[in-house]
Amino acid sequence: MLRTRLWQVGVVAAVIVAAILFAVPNLFSRASLDSYPTWLPSSQVNLGLDLQGGSHLLLEVQVADILRERITTLVDDTRVALRRNGIKYTGLKAERDRVVFLLIDPGQIDAASEAVDDLDPEAEIDSDSGAAFQILLTEEAVEARRLAAVNQSIEIIRRRIDETGVREPTIQRQGEDRILVQLPGVDDPERIKRLLGKTAKLTFHLLDENVTAEDRRSGRVPLGSLRLPSDELDANGEEVFYVIRKRVMVSGDSLVDAATTRDQTGQWAVSFRFDSTGARKFGEVTTENVGRPFAIVLDERVISAPVIREPIVGGNGQITGNFTVEEANDLSLLLRAGALPAPMKILEERTVGPDLGADSIEAGKIACIIGLAAVILFMALYYGLFGLVADLALLLNLIIMLGVLSLLQATLTLPGIAGIVLTIGMAVDANVLIFERIREEARAGRAPFSAMEAGYRRAFTTIIDSNLTTLIAAIILFIIGTGPVKGFAVTLGIGIATSMFTAMLVSRMILVAWLRQRRPAMLPL
């Protein structure tokens, strides 16, 4: 029986009203929506990189630097372990991905093996060649560090970009050690590159006060110290170098907050705050070294070297320098987001201008309008009144699609627009199948009510089969596809679902209501 239950009418009405409410915000600018009542939906469809312009970056995580740093640390640990156990050696050094050294007394092979065996559970020792030792990380350890570095880099990049206010960025792993970053709507790509290109590894060191000015200029530094450049210039306009102790007194890993502020002279500065562990270490170091210079090092560059005037026990500090407000903001942003585990190298960079995106949007609009007009005209001419009902269902289908995309805050790309255009053509497929089936039943001599009921019932299985196969393809594209391919899959999948809803419920409801009211002797098909 052709019956429309009250709950069906309620569901259809609720869906249409909700779709209109969620679709309407796309007609206004973001600034206009700020005055929107908070209880009304204000989400919009986000435009992708190819539609509103922006920046595309392909970054490579320099995992080799992490391994090199670990091997260097292992050299120091090995030296301490051998000396502590009275083992004489020579030629201790880092060689590519391993630590090598030679025992002076071959009789100490067992003692040396025992001394270095517990230095790193991820390392293995090779001393088969006699007194020559090699300590290297296992393949599993190297792969684990590579994976951890890339995952951590993705998370930190996401934090940094979120701090800049970029909407709907795309940040995803590509290959073993590469990260794809797409930033729609970015109007200052150079700043983003600076933010992503900095490791932001902050450390605090004591200065080596035994080094003369001549030694600093010439680069002659004692063992255990390191010569680093700074942002300062001397009287001759040349870069000032500092010699610091290699030992890290306090690490920036303990930072919990950083903010832009001003120092006592009114210059821009960055204030920071440690967690409880960092505050304790910072307090101990400043208490024990009052009167000594304390170097603040960011990415192997001394940004400030103030003298400790008094113990700092509150866990709060301040970084001063010749900062502009933008430099201070960027530095505080980097410190809040955390340090990258390894440097990043920009392999590929593309900037898409907003003019190109505007052209794409205009072309997409024209394609949608032409496709929609052609489908509406064809259905009206070929199916008459029934075609006009299908056209109304098609328009509602587009509104519901837009509402769903806004609700999900999906990112619309150029392939996504192609999916919408394709959906316009596919949206009337179900109606065509139903109308043709009704026409066949009417020609077979059935009464209007019986023909319509049989048409909807017998076309249902065919409609489900045809749409399900397309939906499966869309799901597969979404799972294995990336970027624009996913955008196409999303709009296609949503379009299939909404077209099924409008064809099987909305248009059916309208036609049944017309049929019951007019009770025609024959159907206008």
Side-chain angles (χ1 to χ4, degrees), residues 1-17 19-20 368-403 420-471 492 494-525:
M1 293 291 293
L2 289 176
R3 290 184 299 176
T4 301
R5 296 176 174 83
L6 185 60
W7 67 267
Q8 292 176 324
V9 176
V11 168
V12 170
V15 170
I16 293 175
V17 170
I20 293 173
C368 288
I369 292 172
I370 293 176
L372 183 62
V375 171
I376 288 176
L377 183 62
F378 171 80
M379 293 297 292
L381 292 177
Y382 198 72
Y383 292 108
L385 176 64
F386 279 53
L388 292 175
V389 173
D391 291 338
L392 176 60
L394 175 60
L395 294 175
L396 290 175
N397 176 63
L398 292 177
I399 294 174
I400 296 173
M401 273 191 69
L402 185 59
I420 293 176
V421 175
L422 178 60
T423 301
I424 291 174
M426 295 177 57
V428 295
D429 281 355
N431 290 112
V432 169
L433 290 173
I434 293 169
F435 294 165
E436 288 297 328
R437 191 69 190 183
I438 293 174
R439 179 179 284 176
E440 290 177 5
E441 298 294 335
R443 287 175 179 173
R446 285 180 177 266
F449 276 90
S450 177
M452 187 174 293
E453 181 182 4
Y456 271 99
R457 186 180 69 252
R458 294 182 179 180
F460 180 77
T461 303
T462 305
I463 293 171
I464 291 295
D465 289 345
S466 62
N467 283 276
L468 186 60
T469 52
T470 308
L471 185 61
L492 180 60
I494 293 174
I496 292 171
T498 55
S499 65
M500 288 279 291
F501 174 81
T502 53
M504 300 303 296
L505 283 178
V506 177
S507 62
R508 179 180 180 275
M509 195 176 295
I510 295 173
L511 289 173
V512 168
W514 170 82
L515 189 63
R516 289 186 178 281
Q517 183 180 6
R518 293 299 180 89
R519 296 186 176 276
M522 60 184 300
L523 295 174
L525 271 174

Would you say CG of Leu6 has more than 12 non-hydrogen atoms from neighbouring residues, nucleotides or ligands within 6.0 angstrom?
no
For Arg437, all residues meeting salt bridge (Lys or Arg N to Asp or Glu O under 4.0 Å), sequence neighbours excluded
Glu440, Glu441
Could you walk me through whether Val432 and Met379 pass side chain to side chain contact (heavy atoms under 4.5 Å, CB included), step by step?
CA-CA 9 Å; Val432 169; Met379 293 297 292; 4.0 Å; yes
Drop me the distance from [X]'s [atom1] to [Y]'s [atom2], to the nearest 0.5 angstrom.
| X | Y | atom1 | atom2 | result |
| --- | --- | --- | --- | --- |
| Met452 | Arg446 | CE | CZ | 13.0 Å |
| Tyr456 | Leu511 | OH | CG | 4.5 Å |
| Asp465 | Thr470 | CG | OG1 | 11.0 Å |
| Ile438 | Glu453 | CD1 | CD | 11.0 Å |
| Cys368 | Ile420 | SG | CD1 | 6.0 Å |

Which pairs would a plain distance check flag for residues 494-503, meaning a side-chain donor or acceptor within less than 3.5 Å of a matching protein atom at least two apart in sequence or in another chain?
{"unit_1": "Thr498", "atom_1": "OG1", "unit_2": "Asn397", "atom_2": "OD1", "d": "2.5"}
{"unit_1": "Thr498", "atom_1": "OG1", "unit_2": "Ile494", "atom_2": "O", "d": "3.0"}
{"unit_1": "Thr498", "atom_1": "OG1", "unit_2": "Gly495", "atom_2": "O", "d": "3.1"}
{"unit_1": "Ser499", "atom_1": "OG", "unit_2": "Gly495", "atom_2": "O", "d": "3.0"}
{"unit_1": "Ser499", "atom_1": "OG", "unit_2": "Ile496", "atom_2": "O", "d": "2.9"}
{"unit_1": "Thr502", "atom_1": "OG1", "unit_2": "Thr498", "atom_2": "O", "d": "3.1"}
{"unit_1": "Thr502", "atom_1": "OG1", "unit_2": "Ser499", "atom_2": "O", "d": "3.1"}

Sequence neighbours excluded, which residues qualify as side-chain contact (heavy atoms from CB on, under 4.5 Å) partners of [X]?
| X | result |
| --- | --- |
| Val17 | Leu21 |
| Met504 | Ile434, Phe460, Ile463 |
| Ala19 | Ile399, Ile400 |
| Ile376 | Leu372, Asp391, Leu394, Leu395 |

Would you say Trp514 and Val389 make side-chain contact, with heavy atoms under 4.5 Å?
no
How would you list, by chain and number, every residue that makes a ring pair (Phe, Tyr, Trp, His ring centres under 6.0 Å) with Tyr382, sequence neighbours excluded?
Phe378
With side chain to side chain contact (heavy atoms under 4.5 Å, CB included) as the criterion, how do Leu388 and Leu392 come out once you've worked through the C-alpha distance, each side chain's angles and the decisive distance to 0.1 Å?
CA-CA 6 Å; Leu388 292 175; Leu392 176 60; over 6 Å; no
With sequence neighbours left out, write down each residue that passes side-chain hydrogen bond (donor to acceptor under 3.5 Å, both in side chains) with Thr423, or none if nothing qualifies.
none
Pairs in or reaching into residues 421-436: which pass salt bridge (Lys or Arg N to Asp or Glu O under 4.0 Å), with residues at least two apart or in two chains?
Glu436-Arg439
Taking distance alone, no hydrogens or angles, what donor-acceptor pairs closer than 3.5 Å link side-chain atoms of residues 517-525 to residues at least two apart or in another chain?
none

Does the pair Phe435 and Val428 meet the rule for a side chain to side chain contact (heavy atoms under 4.5 Å, CB included), with working shown?
CA-CA 10 Å; Phe435 294 165; Val428 295; over 6 Å; no
